[in-house]
Every structure is written in structure tokens, then in C-alpha cells.
Protein chains: 2
Amino acid sequence: MEQVTLKSIASELGISITTASKALKNYPDVSPKTRKAVIDLARKLNYIPNSFAVNLRTKESKVIGLIIPEIVHYFFSNVVNAIIEYAEKKGYLIITLQSNESDKLEEKQIELLLNKRVDGILISLSNNRKDLSPIHKIVESGTPLVLFDKISKLINCSKVIINDRDAAYAATEHLINTGCKDIAHFRGPLNPQNSIDRFLGYKKALEDSKLHFDKSLVYTCEKVSFEEGYNFAKELHQSNKKVDAIFAITDLVAIGAITYFNEANVKIPEDISIIGFSNWFMASVISPSLSSVDQPGYEMGKKAIKLLLKEIKAIKKGKKIKHKTIVLPTNVIKRSSTRD
Amino acid sequence: MEQVTLKSIASELGISITTASKALKNYPDVSPKTRKAVIDLARKLNYIPNSFAVNLRTKESKVIGLIIPEIVHYFFSNVVNAIIEYAEKKGYLIITLQSNESDKLEEKQIELLLNKRVDGILISLSNNRKDLSPIHKIVESGTPLVLFDKISKLINCSKVIINDRDAAYAATEHLINTGCKDIAHFRGPLNPQNSIDRFLGYKKALEDSKLHFDKSLVYTCEKVSFEEGYNFAKELHQSNKKVDAIFAITDLVAIGAITYFNEANVKIPEDISIIGFSNWFMASVISPSLSSVDQPGYEMGKKAIKLLLKEIKAIKKGKKIKHKTIVLPTNVIKRSSTRD
DNA sequence: CTGAAAGCGCTTACAG
DNA sequence: CTGAAAGCGCTTACAG
């Protein structure tokens, strides 16, 4: 397959490479006749500019790197969906990588993306991220970075998040308002900020309503999995603890719990109310349908890529950029797993 | 941010760019002393080879393009997961695009990927793909291509698929074996091959069991959505048709039907059996749990990328490649939505 | 309006 | 063991 290059077009027309290049790029200083000849021939030969050469010259790849914990995940796949879609409209392509919640992998992937000279990077941090130096390195390299959902406040970059504490507060409040008094929490791992914030929101809601906070009603889901939800529900049920509600870190955990209670013939929400977090599609179709906190994945992805492209543009123009933190609203979706 | 280049390393050490390059690339004809000096300095300065220049020289991008109908989709997100993971291990990155089942968008995306000079392309075709010329164009461009799941037999490339006809046959047979006689089918759109094949498998199973095939029991889901499953179930229920089972094109459609029947107090599987297709995670957690055909998304993604990378390698070595079609096994997962 | 030339940063065949 | 040179394919400042 003989590649069509500017050189071959120029030589076929007996003009210089310079002129051929200008004709195709709508430079004003080319005669209409020459321009037409070049454009026609380019079309006829199906000329495609060599993007490698363009990248090398312009120092732009028109590619954005994206790292998320996992893609087989309702929330994150929605985020990715929005990012790919919006970026494409603006002429950017997305390279996606999954950290699998491994900080080591995440570091390698950051390295990969920097080596690839992507024009910008979007990350939702893995749960195990403690050492922030690899993230700082991105900023130091001059590559625009936007963190979303699972972020660190210590990084000097733009961020898109929800207010996990307020959202968890609202979820717990809903349980309290519907008459629950002994509310358990299936929390996430101890390290990630959003897991901490959801726990704090839960605790605060109890305190504000003068309900007793009972440490023994808090279970930690290391993997935030269906199985953990199932098993903790079982453990809770088989213990003698008095409990009339559960606030789960995520819908998947909540659904694990629902599955157990359905099997054990514990009535939801009569015997126990359950509320999840994220409002996955699944929440609306299981029985009973699951009350949840709507976490706008699509919106979050869109805001994040929008912000990133804006910063890339600003930097290109040599403008100073001011980092922003966008906080998206959430709201409690009431369904059948909690009382009226 | 002053970029560290071979040039800057060479000049700092007072050697030529050539030698610096060779030292870093483990060419044998460099003295150990020089090699060490170069490597040490490169590490100290945190040298990253400019991938744009490398791409231009090697004519390789080490990037693979992937087009799927949508990413917020259990099956496809599993495919993407496998592809990203395997590619990364082999030194390739993945650019993902979504056609949203639009053939026009799909064509633009193919164009984008070819312009980007990706080293290979993976596609699961959109339902509306009738004109195959954009796909042929990929093959003609010399870019290795592997089609998976939603393919066209008319394209001269490797493919990874399941046998949709046999799988649908097995699903329908399961309904028949458990005593169902009047089996409806919520089929997919008329164009895509896998939707046709599933319909044919369903029909063949009826015929082989001497059951009457009733055209009026076949409903076409244009969008393969939850709503269609729900609405067709309602339509079916409110008609006077005699029906004791439904084979749905996909779990999402099946779950729509289940949701309707649950609301309408129609007992599953006593009054009506339901079997889906794809074995989404959701199938195991709804009530009743949904029998389904396991469609191995992860395996399919892995085989597809593996095949593609193999062909890329072969072409690089100037070897002739023989296209393969891999057919992955499926099996019926029996759960509570069908009888024992 | 046109084109020679420099340069982006690398790789590699070739000469010494 | 070392390096000058050509070249990948483009863009653009500059001269005419």
C-alpha cells in the first residue's frame, strides 16, 4: 500500500510540498487554481495526513488519557460514556485504562499516558492511593489533569465531585424520617475519601437526630461487592443486634443485602429498610426496588472532560488557568426498599 | 518545562545523538562506560522518548481502535475490560468509541481511527450496518481488523463470535424440556445477523419438537430495551393468546417482561417461564432470578484482541496471515424464571 | 503567489 | 566503538 503523502501530491502536480500543505490547510496565500488542483488530487488519492508527523510538529496528540478503577461498573461506564462522547465531538480521542483499585497499576498507567504524551489526563483514583507523588508528577509534567469522583484535595488541579457527606446525610435522614431508629451502615474501605465522607454523613445524621451511633452496626466492605452485602446482612440478621435499617455504601452492596433478606424471608421495608448509593439501573428493577442516592455519572464525566479541554485550550493560548472544583448535586430516589 | 531529548543528553555528555540513542536501546556496539553514562543521565533527567517521533520513525502507534455500540452495557463493558487489560500487558493502548447503533457515526469513527493510524481495529458492528464499504475500506487500507459478536461474514478478516443460532436453540429447548408448549419470542431488530440467528434457533427448536410456530407470538424489539420487554409482556398478557413461555433476545428485555409480570401478579415460572440471553450480572439478583444463555464477553474480548495482536505481529514480520473465525461455546444457565 | 529551508525528535544504514 | 547523515511527513517563518 503506497502511502499518499504531501510529497507525492506535490510532485504529481509539479509544485512544492510547502504549497501543497498550504492549499490543504486553507492558507490565504495560495492561488485558487492551485488550491483546487491540490484539493482535488488529495481527494482523488484519498490523502490522509500522517498524524504521527502532525503530532511531532504540533506537539499535540489530540488524545486524552482516562484512568478509572473498573469499567464493568454502572457508574463508571456512564462516566466513560460521557467522556468519550463529548471528547469525540471536540476532536479528541480517549485512551481508557483500569487501575483495578491497584495503586501500583495506576502508577504504571500514569507513566504510560505521560510517555504517550496525551494532551490531558482524567483520573478517578484507586481506593488504595496513599502516596500522591505519581499524581503530583502529572501536574509537574505540565499535563493538564482533572480528578473526578475519587479525588484527593491535596492535588493542585481541577476536580469534579459530589458532596458525599451531604448525600449520605440525606440518605440516612430519609431512613430516619421514615421511622427507622437503629440504622446500620455497610461502609466502604477505610482509605478513600468518599467512603470516609459517606460514613461521616451517616454519623452526622444520626447525631443531629439524637439517635445513638453504635460502632458495632458499622461493617466495612473492603471490596464493595455483592458478596459482602450478602454476608454482612446475614451476619447482622443472625446476631442479636436490634436493627431496622441499613445504609449501604453502594447499590451493589445493598442488593447483596436485599438478596439475603429475600432468601431469609425478612420483609423489606417492614422489618428492615435499605437504601443504597449511586442509583444504578439495577436498583429500579430488583424486588423490592431499591431506594438510592442518585450519583450523576454521565454529568460528572461530561463536566470533567469539558473542564479538561478548556484547560488544554487555555494553556495552548498561553493563558493562566484557575483550577475549579465542581460539586454536582445529588438527590435521594425513594423506592420500595424504604418506608413511605 | 524544558523537554529532555536525546539531543540534550548527548550534548551534556559530549557525545553524538546516535550513540546516545544506541546506548538506551541496548545496541551492542556501545562501550559499557558510555552506555552507563547515558543511562544514568537519562534516568537522572527523567528522560521520556518522544513517542511522536518514535511513531513517525517506526510507523507504529502501539494503539488499537475499538468501536462498540455502547459501553453502558454489561456484555460490552466486559468485552472492553478484557481488551484493555490484555492489550496493556502486550504494550498496546486502546482508544474506545461508541457507535450508538448509528451506522453514520460508525463510519466517521472508522475514519477517525484510520486517520489516527492505529495499528489495528476491533469492531462489533452497529445494528444498522447494511453498507459494508466502510468496513471493506479498513481491510483495503491494510489495517488489521477483527470483528466480534456483531459481525458480517462478508468481510475478509478474522472474527470472534458465538453460535447464536445454536445458543437460541438451546434456550428454547430448555423451555420445551421443562414442559412449555406455547413459546413467544421477543426478538431483536430485523437487520443484525445475531438477532436473525437467535430467531432462527428459536424457530428450529420449535419445529424439531413438532411445536407449532406462531408468527403472532414473535415481537420485535427495535431498541432491545427494558421498556420494550415490559410493554410486549403487557401486550401479550392483555391479549387472549395462549402462552406459557418467553424467550427474550437479551436479559434486559427479559427483565422488562419480568417486571411487568411481577406487577401484574402473573407467577413466574408457574404461569409463564422466561429465559433471557447474555447472562448479565443482573440476571442472578432479580426476583425471580433469570435463566439465561451465558455469553462470554470477557472471553470474547480477550480472544479478539489476542487474534488482532497476533496478526499485527505477523504482518510486521512480513508473514502471510490466515484469517480465523473463533466460535466460543455458550451454555444455558438455569435459574428460577424457568421450571425444573 | 510560490518554494527552499529549517526543524519537530527519533532511528538506523553506513563509513571510519 | 563512534558519529555524520539521511529520512520519517509534516508545518511555518522567511525570502523572493
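Just so it is clear: chains get the letters A, B, ... in the order the sequence lines come, proteins before strands, and each one is counted from 1. As a basis for the values below, the full set of heavy atoms in this structure was taken, side chains included, without hydrogen atoms, waters or symmetry mates.
Note on residues 77-86 of chain A: pairs passing side chain to side chain donor-acceptor pair (under 3.5 Å), not counting sequence neighbours, are A:N81-B:Q98, A:E85-A:Y298. Identified under the salt bridge (Lys or Arg N to Asp or Glu O under 4.0 Å) test for residues 55-83 of chain A, with sequence neighbours left out: A:E60-A:K316.
Every residue meeting the side chain to side chain donor-acceptor pair (under 3.5 Å) condition with A:K36, not counting sequence neighbours, appears here in chain and number order: A:D40. In terms of the side chain to side chain donor-acceptor pair (under 3.5 Å) criterion, residue partners of A:K150 (sequence neighbours excluded) are, by chain and number, A:E101, A:N127. Residues meeting the side chain to side chain donor-acceptor pair (under 3.5 Å) test with B:N194, sequence neighbours left out: none. When the salt bridge (Lys or Arg N to Asp or Glu O under 4.0 Å) test is applied to B:R129, the partners found at least two apart in sequence or on another chain are B:E106, B:E107. The ring-ring contact (aromatic ring centres under 6.0 Å, His included) search around B:F148 returns none, not counting sequence neighbours. B:E12 meets the side chain to side chain donor-acceptor pair (under 3.5 Å) test with no other residue; sequence neighbours excluded.
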Return a table of donor-acceptor pairs under 3.5 angstrom between the side chains of residues 49-56 of chain B and protein atoms on other chains or two or more places apart.
{"residue": "B:N50", "atom": "OD1", "partner": "B:F52", "partner atom": "N", "Å": "2.8"}
{"residue": "B:N50", "atom": "OD1", "partner": "B:A53", "partner atom": "N", "Å": "3.2"}
{"residue": "B:S51", "atom": "OG", "partner": "A:N115", "partner atom": "O", "Å": "3.4"}
{"residue": "B:S51", "atom": "OG", "partner": "A:K116", "partner atom": "O", "Å": "3.3"}
{"residue": "B:N55", "atom": "ND2", "partner": "B:S51", "partner atom": "O", "Å": "3.2"}

Anything under 3.5 Å between a protein N or O and an N or O of nucleotides 9-11 of chain C, put it in a table, one pair a line.
{"residue": "C:dG9", "atom": "OP1", "partner": "A:K59", "partner atom": "NZ", "Å": "3.0"}
{"residue": "C:dC10", "atom": "OP1", "partner": "B:Y47", "partner atom": "OH", "Å": "2.6"}
{"residue": "C:dC10", "atom": "OP1", "partner": "B:N50", "partner atom": "N", "Å": "3.2"}
{"residue": "C:dC10", "atom": "OP2", "partner": "B:L6", "partner atom": "N", "Å": "2.6"}
{"residue": "C:dT11", "atom": "OP2", "partner": "B:S21", "partner atom": "OG", "Å": "2.8"}
{"residue": "C:dT11", "atom": "O4'", "partner": "B:R57", "partner atom": "NE", "Å": "3.4"}
{"residue": "C:dT11", "atom": "O2", "partner": "B:R57", "partner atom": "NH1", "Å": "2.2"}
{"residue": "C:dT11", "atom": "O2", "partner": "B:R57", "partner atom": "NH2", "Å": "3.1"}

Strictly under 3.5 Å: I want the nitrogen or oxygen pairs between protein and nucleotides 14-16 of chain C, one per line.
none

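Regarding A:E60, its CD atom lies at a distance of 17 Å from the P atom of C:dC8, rounded to whole Å.
Ring geometry, A:H73 versus A:F75: the interplanar angle exceeds 60°, so the pair is classed perpendicular (tilted spans 30 to 60°).
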For DNA chain C, what string of dots and brackets results from 5' to 3' when Watson-Crick and G-U pairs need both distances under 3.5 Å, crossing pairs get [ ], and pairs with another strand get |? |||.||||||||.|||
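Note on B:T19: a side-chain N or O is less than 4.0 Å away from OP1 or OP2 of D:dG3.
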